[in-house]
Number of protein chains: 2
Amino acid sequence: MSTPKASGEAPRRRLPRGALTPERIVTASLALLDEQGLAAFTMPRLGRTLGADQTAVYRHFASKDDLVLAVADRLLTEAFEDFEPAGDDWRGTLVDVCQRVRTTYVSHPAAAVLSGPRITTGSSEMKAADAVVGALRTAGIPDPELALYYRVIADFALLWSGGLAGFRILDESIQEAERTTWATAYATAPDQFGNLHAISGDLDRIESEQVFDTALELLLDSIAERAARARTGQDTA
Amino acid sequence: MSTPKASGEAPRRRLPRGALTPERIVTASLALLDEQGLAAFTMPRLGRTLGADQTAVYRHFASKDDLVLAVADRLLTEAFEDFEPAGDDWRGTLVDVCQRVRTTYVSHPAAAVLSGPRITTGSSEMKAADAVVGALRTAGIPDPELALYYRVIADFALLWSGGLAGFRILDESIQEAERTTWATAYATAPDQFGNLHAISGDLDRIESEQVFDTALELLLDSIAERAARARTGQDTA
DNA sequence: GGGTTAAGTCAATACCTTTGACTAAGAGAT
DNA sequence: ATCTCTTAGTCAAAGGTATTGACTTAACCC
């Protein structure tokens, strides 16, 4: 009689053998992070979500950290699914790459914050990385600097998107509180911050996404400018 | 006979009344984070560091999260200690502000990673924020766009520095592992990533700090360019 | 059908944050 | 000098966490 306790709790049968796979676990992790947030991403809850024991995941990932790496990988895979470089429109290619990262991060903010520091240039999605280099070459950037600008674009996409996700994760209430910080600071020293006060009306209307887009435009404008200078033979001195 | 157990452990006398202050606790937190890293920043260890009970900190901070906010504040205070805007050298002022954030974050990477997502434009150090706006005004940026560029600079400094800190925190071993990811990817699909491969030699020599500086230069070049256009009366269309 | 292997489970360890009750340090009043 | 009172520091405990080692048993191979 191995029948478990006759309490109200459904005893949950043992899962069949291949029920859990790395893919399924990563998918469940992402769903848990999206729906319940960063704090809910624990092994017990993940196990429950999967209908398994809380330690079952350890049969597929050596540690939670390992799982996080896999989630990070999934995020980038999702970002660059069916990505193709836009031929000779180098600027379009770069904008596309950066916005793909941003869009993915903002739609999975908790997962992005978790994996953000674990993703560095070159962990996966080499195809996109290669496209960035190709685009810069198309633009006419000469060779030793090209690597530097590549890093600028790659770091911009990853770091700035990660920061955006971090902001997105904070409770609405906290975001509100930080907004009011401005008001109180003005109140205590009204004329000390005249410059800031003069633009406070404009500041309120700015969305973080718009800031991202503007920064990208500024970076690309400068890169285009330097490419033009390089083509006409002038050096940067 | 209130003498405690005669074991080898020194019994640690009760601390006198004003021994703990928020300032001292924040200082100890920062030291702990700097010396032992993110994982060591726990209430028990912090208490031990202070020579106090593991729960003593709760008399001064409602939660660990509150303490993190205070650490974040300390970081920015440190960054902008004796900061003065550089008069009409607007570009110098902006570079100074951004590099102060970067330098502080990189010298306290664990603290920066912890507090990074909690710092948004305007939480403290309004003086620096005001100086950024002033610098942009000196540069000649007209008014509705000025707010946008202000956000670009502020977000750049905070988000990018935070990202740098995140990278800094990873073990050397992990950093090494990520570097080798490149090599293996080349091995599996050698010619698919020709662009990348062509610059791999240059890439190895690039430091993250250099990427930060370059990105800042690119942003400022574009801002200067747009300011010049605005002064000569052309519009951006 | 029997044996093997590894996927899923269980129990236990060593942490962690946070709370509530307790105690005594030191300030202020008399 | 003593008495009282507030509250900073302490203690014990609850409830959560990651991770490990021993166990069971499902499913594959022969």
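Numbered from 1 within each chain, the chains take letters A, B, ... in sequence-line order.
- No donor-acceptor contact under 3.5 Å links the side chain of B:Thr42 to the base of C:dC15.
- Of the side-chain N and O atoms in B:Arg45, one or more sit less than 4.0 angstrom from OP1 or OP2 of C:dC16.
- Considering only side-chain atoms of A:Arg14, the nucleotide from D:dA18, D:dT24, C:dA11 that sits closest is D:dT24.
- Remark: A:Lys64 is not positioned above the aromatic ring of A:Tyr58, lacking an NZ or CZ atom under 6.0 angstrom from the ring centre and at most 45 degrees off the axis.
- Ranking C:dT17, C:dT9, D:dT19 by closeness to the A:Ala52 side chain, first place goes to C:dT9.
- Rounded to an integer number of Å, the gap from A:Asp53 CG to D:dT17 P is 14 Å.
- Going from atom CE of A:Met43 over to atom P of D:dT20 covers 10 Å, rounded to whole Å.
- In terms of position along DNA chain C, the nucleotide closest to A:Ala19 lies nearer the 5' end than the nucleotide closest to the other residue of the pair A:Ala19 and B:Pro16.
- If B:Gly18 and A:Ala62 are placed on DNA chain D by their nearest nucleotide, the residue sitting closer to the 5' end is B:Gly18.
- Between the CZ atom of B:Phe61 and the P atom of C:dT17 there is a distance of 15 Å, given to the nearest Å.
- For the pair A:Leu38 CG and D:dT17 P, the interatomic distance rounds to 13 Å; values are reported in whole Å.
- Rounded to the nearest 0.5 Å, atoms CG (B:Leu67) and OG (B:Ser63) are 8.5 Å apart.
- Nearest nucleotide to the B:Lys64 side chain, out of D:dT10, D:dT19, C:dT17: C:dT17.
- Minimum atom distance to the side chain of B:Leu15 is reached by D:dT10, of the listed D:dT19, D:dT10, C:dT18.
- Straight-line distance from the CD atom of B:Gln36 to the P atom of C:dC16: 12 Å, rounded to whole Å.
- With C:dA21, C:dT18, C:dT23 as the candidates, the nucleotide lying closest to the side chain of B:Arg59 is C:dA21.
- A donor-acceptor pair shorter than 3.5 Å can be found between the side chains of B:Thr27 and B:Arg74.
- Below 30°, between 30° and 60°, or above 60°: for B:Trp160 and A:Trp160 the angle between ring planes is above 60°, a perpendicular geometry.
- What separates CZ of A:Arg48 from C1' of C:dC10 is a distance of 16 Å, to the nearest Å.
- Regarding contacts with the backbone of D:dG9, a side-chain N or O of B:His60 is found under 4.0 angstrom from either OP1 or OP2.
- Of the residues B:Thr93, B:Leu94, B:Asp130, the one that meets the side-chain contact (heavy atoms from CB on, under 4.5 Å) test with B:Pro85 is B:Thr93.
- For the pair A:Gln54 CD and D:dT20 C1', the interatomic distance rounds to 12 Å; values are reported in whole Å.
- A donor N or O paired with an acceptor N or O is found under 3.5 Å between the base of D:dA26 and the side-chain atoms of A:Arg17.
- Nearest nucleotide to the A:Thr55 side chain, out of D:dT17, D:dT20, C:dC16: D:dT20.
- Put simply, CG on A:Leu46 is 14 Å from C1' on C:dG8, counting in whole angstrom units.
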